[in-house]
Every structure is written in structure tokens, then in C-alpha cells.
Number of protein chains: 2
Amino acid sequence: MSKPEIHTMEELSAAIGVSRPTLSRYFQDPSKVSKSSVERIRSGLEQVDYTPNFFATRMNRKSTGMIGVIIPYLNDLFFTRLLEAIERAAMRAGYTVITQCSHADPDIEARAAETFLSMNVDGAVVAPLGNHSDLKVYERLNSRLPFVLMDSRPARLSQVDFVGTDHVQSTGIITEYLNRVGGPPVFLAMPRVNFNALEREAAYIAKMEELGHEPVIIGTEEVDAGGYFEAHGLAVLNAYFSKGEFINSSILCANDRVAIGALRAAAHHGLEPGALRQGGLRIAGHDDYPLCPFLIPTLTTVAQNVEAIGQAAIDRLIEKLRAENSQDNQTVQLMDGVLKIRESA
Amino acid sequence: MSKPEIHTMEELSAAIGVSRPTLSRYFQDPSKVSKSSVERIRSGLEQVDYTPNFFATRMNRKSTGMIGVIIPYLNDLFFTRLLEAIERAAMRAGYTVITQCSHADPDIEARAAETFLSMNVDGAVVAPLGNHSDLKVYERLNSRLPFVLMDSRPARLSQVDFVGTDHVQSTGIITEYLNRVGGPPVFLAMPRVNFNALEREAAYIAKMEELGHEPVIIGTEEVDAGGYFEAHGLAVLNAYFSKGEFINSSILCANDRVAIGALRAAAHHGLEPGALRQGGLRIAGHDDYPLCPFLIPTLTTVAQNVEAIGQAAIDRLIEKLRAENSQDNQTVQLMDGVLKIRESA
DNA sequence: CAAAGACTTTTACACGTGTCAACACTAGGT
DNA sequence: ACCTAGTGTTGACACGTGTAAAAGTCTTTG
């Protein structure tokens, strides 16, 4: 571009004849400057190429206007939906989101937390890694910042705000549904990489006992799935189907990605899971992964209210950082899951 | 934690009896400080809670060690794979990646670019939004920073480095394959939201003419798909299948997400696309979306070498920012696609 | 024992902007 | 023309760290 580059407010001040502090106030809130100055500055800015330095502006402000978010994986549409919900909510509230992905590595997660602290973010929202994460990282963030945990909750962490799905409810309704339409379901677990895996397992067991049935859990063993839940579901069920087991069962998968593998295993063995088959194979999932309506058959599942979880996490965070000194109590918000009945069960 | 918090190097200097400039050098490169001091600092740091202020450290350094990345969508596993590849490559090279998602909004994309400029990032990598993006944004970044475009390339943008897939080659080999095993394929287009959509269309047409066949393109019309490629493919093919059209054709989808919708449409009409059917319906995609091996049937496609694209983008960027003053020429790197033959075609 | 060398510390200034108190200015009313 | 109120501007200091030159200290070498 042909516009001359200007790098500091000082230069800009000299160029358009308005004092530097006035410019500073203009960039923060134009209404704090007289109309005549606003006009002069605005027309001046059209002649030159200038944007305030990001670091200098954040350095000695009380608030940086930034919220740090840590997500465990990116290659999972559930987390990307959650992230989008959070970014939208934060944007509406006027905050900038800085995202870090821990890539399933506790060291990276810890490093990201330190980065947020050194950046003086106004608050942090974290979706925990799971078993492998270092709880001290969360405690440290919680003690120094407005902090909210979401999606999955470490059992032994108290005094930390949490927003997520009520897995007792969500897993409960789908267990009940499967039991009603197809008999007592089997639970196809996923590798216990996060706390939700265990919560859903426990919720399944509780509901089954309430219904007077024996819980049956498969797939807890490690399978070489390369970190892909789909491959895990596929490998586990392939093994059982090959032996002729669970061919006519209702199978509740720990999440939709596992269920995608399960559907594939069924197809591979010529089985057609579905609600229309009387007494036959049924497969259901959990989460309402965006692809569910496009699978073959379309996947019955329980939807997590991702949008609400993201919004609530940001709402709670902002509530905390507005009332910094009030020592309010721990808040736990659990959203209900919604049954999505489709073809597969 | 019980460790006393220290907020400035000055305080730290007083606390452990080492001068502040020495501390500054220690944090940048411990080898620039004598062993005795290193030992003293290290043991001192274990007694207190201190991390250097992120903004202050970046403010008057020549290099911020940060690379800005802009991605159009998050809810697409292709882009998340690309992002992961980039993050890994950047991390290996010692750079911190700042990611911004433009959410398919050119205004957000432009704002993200300005943010990067105001942060003095060392370089920027952008996957363009597509038709709607403002080319001036890229030109501006390119004129002020080491800059690399990836994945999709605006036709009218010259003098900008690019890394992506050679769609003439990739679309060519799958067109040829389909033609060989199932007769001349139809091209199921996707909404022309990005430049790759057009490049693949053109490559398909060229290959068909080379083979002496009439190209047939469907699905260019807007369908109300809510931004989901899967829904687009489903809606378009549902309409044709209902009329009995293309029921025995080879269908090349513009990408795998469209193909997922296409598979669903086939299933909905009781059709079974697959290589094993002589002369029947075949469906293929493009990209090698991670779910391809789990679809029913598993999806034949052309794999983009995502890992290589990410690595090459970072390599090129670093090459540029190391040799800032050398006015080297534009570099365009096109990676070959690899045919992935599975069940669907 | 003195001189050279290797570090370290000190001193001083710089980065670009926020912030507040003190100041200058304009407009309105008498 | 004068005073006051109100608003806008300016000067001065602050934020936390990087950086370079000068001065200091200590160890090693002749």
C-alpha cells in the first residue's frame, strides 16, 4: 500500500496534530474525546497506516481483555464445536480468545497455563486432558485467575467451577431408552483417557442396576487404535462379532466416535443395526457428533448442549472476573442431554 | 501454592541476589550466564513463584518468536489436521503459534490479520476463506511480513508464496481411475466457497476432455445446507436419485464431506455404491478425511499430504524470515495427491 | 606479585502505551 | 469585558523487560 507506515503514537501525534494521550484515549473509547478531535483523528488515520502496538497496550492495563482457552484435541468435532461456541460467546462479551491445544500432552498443557499467567489473561477456561493431566496445573490457575473447568471434571478436584453435561442424566435416558426398545444394553467403553469415560460408565451401571439388570461392559482393554476412538470401537466389536457375540444386542457406545467404529464393524459383518429390526442389533452413541445424521444408519444418540456449555462457561468466567474480591462459592452447572432418536436404535 | 509470588525481575533480583540484567540474560539463554549464577538462579527460582511478563519480554525484542495462523473453519477435520501439522512443525522450530479462526467471516479474517501485525508476529500463514475474502488483506500481510498462503489459492493473487495440493494431478488421477473402472464420472460440485472448489472442477473438466468424454457437473446450485458440505451432497443427490438419475454412475465428489452426504443419499435410496458392483453406482471423494476408513462403504478418495503441506508452509516461512532482506522470488509448492482405493469406487 | 582475561554488575536508556493531575482553552452567562 | 464551569489537552510518570557501554570483581597466567 502507498500509505506511509507509522509505528508509534508519538509519530502519529506529530503527524495529525493531536496530543499523544488524546490519541490513547481515542483508541480506547472515542467518546472520551471531543467531536472535533475525533473528526481530526479519523481523517488523519485515513492518510496513514497505523495500528497500536498490541503488547504495549496490554502491558500496563488492569485488564487485557483476553481469555485463555485450553482444549485437549483439535481432531475431534466435539471440541471444535465447543471452541466455536466459546469464541462466539467471548466475542459477544468483547473479549479476545487465545486458544492453546494441549495435543494430549500434559507438559504442553502445563506450558500453556504458564503462558496464560505470563500474559495476564483476565481468565481461563480449560477442558482437561484427562487421566494424564497434572491437577496442580488447574489448582494453580484457579488460585491465581478467574477459572472455569468444562466438559470433563477430575474427581479429586474441589473448589473449582465446572460446566458440563450431567452424565447421570444423559447416559441414564439413553440406557433407559435402549432397555425399553431393545432389551438391556451392553456398554462399549472407550479408553479411559478422560473423566467423562468413567462417569458414563458409572452412570450406565447405576441405571442398569436401577432397572434390575446386570451391567455388561466391554472395550475397556487397550486396543491399538492409534488414538482414534473410531478405530477402537471398530477393533473391539470386530473381535466380538467374529465370535458371534453381541450380534443381537443393544450396544451403548461411550461416545459417537466409538459408535462410528461400531457401525463400521456391524457393516463389515453384514449386520444392519437399527430400530426397525425387532429384537436385533442396535447401536447408540453419546454427544450428537455433527456427522450423526449422515451416517448409515443415522445414529441414535444423546446430544450434549454444546452451545449452552460454552456460553455458560464464559458467563460464569465473566461473572467471576467482574467480582474479583467476593469469595463466592464453587459453582457446578450440569446441562441435560437430549435424546436424538434416529435409525440405528 | 505456598510459594511467594514475585511479579517483576526487579523483585526477583533483590530476592536471590543476582542483578536484573543477568536474570534477563538467564531467561533468554542460560548459557550466557556463568555456572555459579545459573546455579544460584535455579535454586532461587525453586523458592518463589515467578514467570517473566509475556508482553514486556516481547515488546522491545527484534523477534517475538510467534507465528500467526489463520484458518477459515474449525468444524472441519481437514483444517484441524492441517493446523496440528503446522503447530507441530512450528514447535519443532521453536516458534509459538497463535491461531485465529475467521469463522467464514471476511471481517474477522481482516481483524485477525491486523492483530498479527500489531503483535509483531515474525510471520503469518493463512488458509484463505475463499471467494468472500478481501485480497487486500493478503497483499497487506505479504508486504509487511514473511507470509505464506496455504491450502487454497486466489487466482488473481501473484507474488505470494503458496503451499498446497496439485489439484490438476490429484483430481486427475481419481477422474482417470473412476473412468477406467466405472466409466466416465459425474462431478458433484460443492458450493464455490473457496478456490479449491473451482480448481477441482476445472481439473475434472480438463481430464474428461483429455479422455474424450463430456464433463457433467452437478450441485453447483445453492442448496440450503446450513453451511454443511455433507448436507449439500445429501440434498443434491437425493433430488437426482428421486428422479432415477445417476443411479448407475460414477460420482466424483468435490471433497469427502460432500461424499459423506452422497453416501447417505445412496443409502437412503437403497443403493449400494461400491467397486464390487459391475457397472453400478460408485462414489469417490477428495482429501482423505480421517473418517473415510470408517464409512459404509469405506470411501475411495485422493489423500492430500496434509502433514507435508503444514511442514512445507512453516519451512518456507522460516526460510523467508531468516533472510529478510533478500528479495527472493515467489515460491509455489504443489504436493501430489495419493489415490486411496477403498470400497466405494 | 602484577597484569590479563572472563564475568558480572551498574548505569542508563529504550520500547510503546496507560493514566492521572495539572493546565489551557472555549463557551456561556452576567 | 469578566468570571465560571466544563471540557480538552498536556506533562510527567509508570508498566516490566531488553540492551549496550562502562565499571567493577574475581580468577588465571606470566
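Below, chain A is the first sequence line, B the second, and so on; all start at residue 1.
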Mind checking what makes salt bridge (charged side-chain N to carboxylate O under 4.0 Å, His left out) contact with Arg40(B), not counting sequence neighbours? none
Answer yes or no: does a side-chain N or O of Ser37(A) lie under 4.0 Å from OP1 or OP2 of dT9(D)? yes
Just to confirm, is there a sub-4.0 Å distance from OP1 or OP2 of dT9(D) to any side-chain nitrogen or oxygen of Thr22(A)? yes
Residues Lys136(B), Glu139(B): salt bridge by 4.0 Å N-O rule: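 Glu139(B) and Lys136(B): not salt-bridged.
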Donor-acceptor pairs are to be reported for all side-chain atoms of residues 76-85 of chain B against protein atoms at under 3.5 Å, with residues two or more places apart or in another chain.
{"from": "Asp76(B)", "atom 1": "OD1", "to": "Phe78(B)", "atom 2": "N", "distance (Å)": "2.9"}
{"from": "Asp76(B)", "atom 1": "OD2", "to": "Arg257(B)", "atom 2": "NH1", "distance (Å)": "2.8"}
{"from": "Thr80(B)", "atom 1": "OG1", "to": "Leu77(B)", "atom 2": "O", "distance (Å)": "3.0"}
{"from": "Arg81(B)", "atom 1": "NH2", "to": "Asp288(B)", "atom 2": "O", "distance (Å)": "3.1"}

Rounded to whole Å, OH of Tyr26(B) lies from C1' of dT9(C) at a distance of 19 Å
May I have the list of side-chain donor-acceptor pairs in residues 6-15 of chain B shorter than 3.5 Å, sequence neighbours left out?
{"from": "His7(B)", "atom 1": "NE2", "to": "Glu5(B)", "atom 2": "OE1", "distance (Å)": "3.3"}
{"from": "Thr8(B)", "atom 1": "OG1", "to": "Glu10(B)", "atom 2": "N", "distance (Å)": "3.3"}
{"from": "Thr8(B)", "atom 1": "OG1", "to": "Glu11(B)", "atom 2": "N", "distance (Å)": "3.1"}
{"from": "Ser13(B)", "atom 1": "OG", "to": "Val18(B)", "atom 2": "O", "distance (Å)": "2.8"}

List for me each residue that meets ring pair (Phe, Tyr, Trp, His ring centres under 6.0 Å) alongside [X], sequence neighbours excluded, and say none if there are none.
X	answer
Tyr50(A)	Phe27(A)
Phe55(B)	Phe55(A)
Phe54(A)	none

Just distance, no hydrogens or angles: give the donor-acceptor pairs under 3.5 Å from side chains in residues 112-127 of chain A, sequence neighbours left out.
{"from": "Glu114(A)", "atom 1": "OE1", "to": "Arg140(A)", "atom 2": "NH2", "distance (Å)": "3.0"}
{"from": "Glu114(A)", "atom 1": "OE2", "to": "Arg140(A)", "atom 2": "NE", "distance (Å)": "2.7"}
{"from": "Glu114(A)", "atom 1": "OE2", "to": "Arg140(A)", "atom 2": "NH2", "distance (Å)": "3.4"}
{"from": "Thr115(A)", "atom 1": "OG1", "to": "Arg111(A)", "atom 2": "O", "distance (Å)": "2.9"}
{"from": "Ser118(A)", "atom 1": "OG", "to": "Thr115(A)", "atom 2": "O", "distance (Å)": "3.0"}
{"from": "Asp122(A)", "atom 1": "OD1", "to": "Thr64(A)", "atom 2": "N", "distance (Å)": "3.1"}
{"from": "Asp122(A)", "atom 1": "OD1", "to": "Thr64(A)", "atom 2": "OG1", "distance (Å)": "3.4"}
{"from": "Asp122(A)", "atom 1": "OD2", "to": "Ser63(A)", "atom 2": "OG", "distance (Å)": "2.7"}
{"from": "Asp122(A)", "atom 1": "OD2", "to": "Gly65(A)", "atom 2": "N", "distance (Å)": "2.9"}

Detail all sub-3.5 Å separations between protein N/O atoms and N/O atoms belonging to nucleotides 25-29 of chain D.
none

Under 4.0 Å protein heavy-atom contacts per nucleotide of nucleotides 14-20 of chain D, with B for base, S for backbone only and - for none: BBBBBB-
